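Single-structure report; data block below.
Whatever order the structure lists them in is the order used to number ligands and atoms, beginning at 1. Below, all heavy atoms of this structure are taken into account, side chains as well, without hydrogens, waters or symmetry copies. Since we're looking at a predicted model, the values are computed, not measured.
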Amino acid sequence: MATNPKTEPAVSAPAAAPSNFIRDIIIEDLRTKKYGDAVIQTRFPPEPNGYLHIGHAKAICLDFGLADEFNGRTNLRFDDTNPEKEEQEYVDSIMADVRWLGFEWDGLYYASDYFDQLYEWAIKLIKDGKAYVDDLTADETREYRGTLTESGRESPYRNRPVEENLDLFTRMAKGEFPDGSRVLRAKIDMTSPNMNLRDPVMYRILHSSHQRTGDKWCIYPMYDYAHGQSDSLEKVTHSMCTLEFADHQPLYRWYIEQLGIFPSQQIEFDRLNLTYTLLSKRKLLQLVNEGHVRGWDDPRMPTICGIRRRGYTPEAIRNFVTAVGASRTNGIVDLAMLEHFVREDLNKRAPRAMAVLRPLKVVIDNYPEGQTDELDAINNPEDPQAGTRKVPFSRVLYIEQDDFREVPPPKYFRLSPGREVRLRYGYLVTCTGVVKNEKGEVSEVHCTYDPATRGGNTPDGRKVKSTIHWVSAAHAVDAEVRLYETLFTSEDPSQVEPGKDFASNLNPNSLETVGHARLEPSLANAAPGSRYQFERLGYFSADPDSVPGRPVFNRTVALKDTWAKIEKRAGT
Ligand code: ATP
Ligand code: MG
């Protein structure tokens, strides 16, 4: 990172870091001085054709995290070789997301910075007899390519004289030919068992304006030709990418060897897959375009901007990704593991507050009308520095509908007629009766309180089995609260029934909006992005849709609800 002093590279991993095979490779390369005294150089190479998702966070943490560990450097390089799909909006969001995750790049580059150099190198390969212009149509090219079990055949244009190739390639670049009419190919081996080595395309004709180079080019390099050479130009020592590129590695090496340039090495690791989650920019774009979500930053999206809006912290994501590690086989990680790290982090940093999502009115009959008591509430039991705050208590309160049952089922210890419970930070109250509406539902619960139990203490040592949260009705802030479930109902949403779209796996209940939750008054002007634990409910984050006096909260993640589990087990 830019801020790190560049000291001698360490040759052993810090004790705290869990082992992963990429770290082992780096340690070995430093030991054998594979790159002499060069620093460890990595890069994160997104294509600016969408927003980053949590899978990218894994790549980012590996690229930046490993370089940091060894006092190396990391570049952010936009792989902008496909002008038709790329946009500045994506470039901007990617930079913001990398920074939000806590990383700063040393160099900022674009593959398009190298178009001139890549073109010169293509000319060199042509002159060396290692590249040629091919006029086969797309269909013919496919047919000549062969299959996994059948060797390919050489194109009739493969042995064009160098002069003719030079002439045609320069004219391709000048714009003399239409899209798709010709390509430049590397001359490798049409019989190779590795399809990527069967004379791969290096350049295609594309009369398309590029967001950075404008109309300068009408030929664009393919990913495989651009990527390794870009790595080499930046003296990338360890170029990490996901496993689907393993078959491309021989080609990556071939170009570098033929050109005799800096020997960057490609290392493949497993993609992050999460249950109930799709991690593919193309499919996420489809969710946005088809209106299944409100946008890229919908809190249900696995995008970095989505989970940020939802209230996840960068620390939680980094801890999660570190725990997941890197390996050489693809697997699928349980979403519960990510949520575990989010809870663990928020438990330490999120101040507590009281909020009632589904209000039920409680009247304390023996509490004087018009009186308010300011009770002391602890902001965060995990963090003594967080201090305390005042919470107003008065005669009329709201509690959760779920915290009252007129006829309590077995093992239900919350409020019910005749029973005493503790109001968090408040008093012990006993239910004396209920008022019902015309539908026969309980609309109001009546209680008495014991003034000797202020702060929840029981001077006589009597036990109550339950403590419930509450909000003073006269002081409550009205809020919208958005509750989220997984966006998909199936563990692997990419598996779809024949003839159906992955959208058929969408969860119709992924968003539940609570229009009128009641919050304690300290939350009236919660800053967008601020995070809280609503006691007994979960972690919540103020949404940018909030306006002063009318906050909107997103549920980041629920607390583990033990009662729900008891109920589920009992089948009630
Ligand atoms: P997608 O398939 O979602 O479009 P991509 O691989 O095309 O992703 P790039 O912009 O090319 O996205 O990715 C930049 C880097 O992030 C690459 O090195 C890529 O391998 C890595 N990456 C992408 N998705 C994941 C993932 N799910 N887990 C780990 N790394 C990933
Ligand atoms: Mg890609």
Side-chain angles (χ1 to χ4, degrees), residues 20-22 41-67 74-82 84-87 89-95 97-98 101 103 105 109-112 221-224 226-228 230-231 234 236 238-249 252 264-289 296 301-307 317-318 320-333 335 337-338 492-494 502:
N20 85 38
F21 77 94
I22 306 174
Q41 174 76 57
T42 64
R43 89 288 169 261
F44 173 63
E47 185 179 356
N49 62 348
Y51 282 72
L52 297 182
H53 52 63
I54 188 157
H56 293 109
K58 170 167 169 170
I60 290 169
C61 290
L62 285 171
D63 293 331
F64 284 88
L66 286 170
T74 305
N75 295 338
L76 174 60
R77 181 171 74 233
F78 288 102
D79 172 24
D80 58 348
T81 53
N82 196 352
E84 291 175 314
K85 291 191 184 159
E86 296 156 7
E87 287 172 31
E89 174 195 351
Y90 300 137
V91 169
D92 295 339
S93 74
I94 288 169
M95 294 201 282
D97 289 349
V98 171
L101 279 170
F103 299 106
W105 45 90
Y109 299 103
Y110 294 81
S112 56
M222 302 300 287
Y223 169 89
D224 282 319
H227 201 88
S230 302
D231 283 348
E234 292 172 23
V236 169
H238 299 81
S239 173
M240 276 80 87
C241 63
T242 37
L243 278 171
E244 69 272 22
F245 291 102
D247 285 349
H248 297 237
Q249 186 175 145
Y252 179 103
S264 298
Q265 62 179 321
Q266 176 179 306
I267 301 166
E268 306 90 13
F269 64 90
D270 58 325
R271 282 184 94 80
L272 175 71
N273 296 305
L274 270 181
T275 55
Y276 301 100
T277 308
L278 275 180
L279 295 179
S280 144
K281 280 186 280 191
R282 192 175 50 77
K283 288 180 184 161
L284 296 178
L285 178 64
Q286 196 181 332
L287 289 174
V288 173
N289 286 343
W296 284 101
M301 290 281 271
T303 49
I304 303 294
C305 55
I307 59 188
I317 296 166
R318 293 201 305 260
F320 163 71
V321 163
T322 304
V324 165
S327 87
R328 279 180 158 132
T329 45
N330 278 318
I332 182 155
V333 175
L335 185 61
M337 179 172 169
L338 172 59
D492 180 358
S494 65
F502 72 89

List every atom of ligand 1 that sits less than 4.0 Å from any heavy atom of [X], numbering the atoms from 1 in the order shown and giving each element.
X    : result
F269 : 29 (C), 30 (N)
S280 : 3 (O)
H53  : 3 (O), 24 (N), 27 (N)
E47  : 9 (P), 10 (O)

### Task
Please name all residues satisfying salt bridge (Lys or Arg N to Asp or Glu O under 4.0 Å) with E244, sequence neighbours left out, ordered by chain then number.
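Applying salt bridge (Lys or Arg N to Asp or Glu O under 4.0 Å) to E244 gives R271.
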### Query
Of the non-hydrogen atoms in S239 and H227, which two are nearest, and what is the gap between them?
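Closest approach of S239 to H227: OG-NE2, 4.2 Å.
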### Query
How far apart are the closest heavy atoms of I317 and I307, and which atoms are they?
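Scanning both residues completely, I find the closest heavy atoms to be CD1-CD1, 3.5 Å.
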Is there a polar contact, in the sense of an N or O pair closer than 3.5 Å, between [X] and ligand 1?
X    : answer
R43  : no
E244 : no
R271 : yes

### Message
Among V324, N273, T242, L272, which one puts a heavy atom closest to atom 27 (N) of ligand 1?
### Response
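When every heavy atom of V324, N273, T242, L272 is considered, L272 comes closest to atom 27 (N) of ligand 1.
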### Task
Would you tell me which option among A59, C241, G55 has the nearest heavy-atom contact to atom 29 (C) of ligand 1?
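Ranked by closest heavy atom to atom 29 (C) of ligand 1, first place is G55.
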### Query
Which residues satisfy the ring pair (Phe, Tyr, Trp, His ring centres under 6.0 Å) test with F320, sequence neighbours excluded?
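For F320, no residue satisfies ring pair (Phe, Tyr, Trp, His ring centres under 6.0 Å) once neighbours in sequence are set aside.
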### Task
Could you point out which residue of Y252, F269, Y223 forms a ring pair (Phe, Tyr, Trp, His ring centres under 6.0 Å) with F245?
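Single pass found, and it is Y223.
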### Message
Is there a side-chain contact between Y51 and E89 in this structure, where contact means two heavy atoms from C-beta onward sitting under 4.5 Å apart?
### Response
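Of all side-chain heavy-atom pairs linking E89 with Y51, at least one is under 4.5 Å.
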### Message
Is it the case that over 12 heavy atoms from other parts of the model lie below 6.0 angstrom from the NZ atom of K85?
### Response
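Counting other residues, nucleotides and ligands, NZ of K85 stays at 12 neighbours or fewer.
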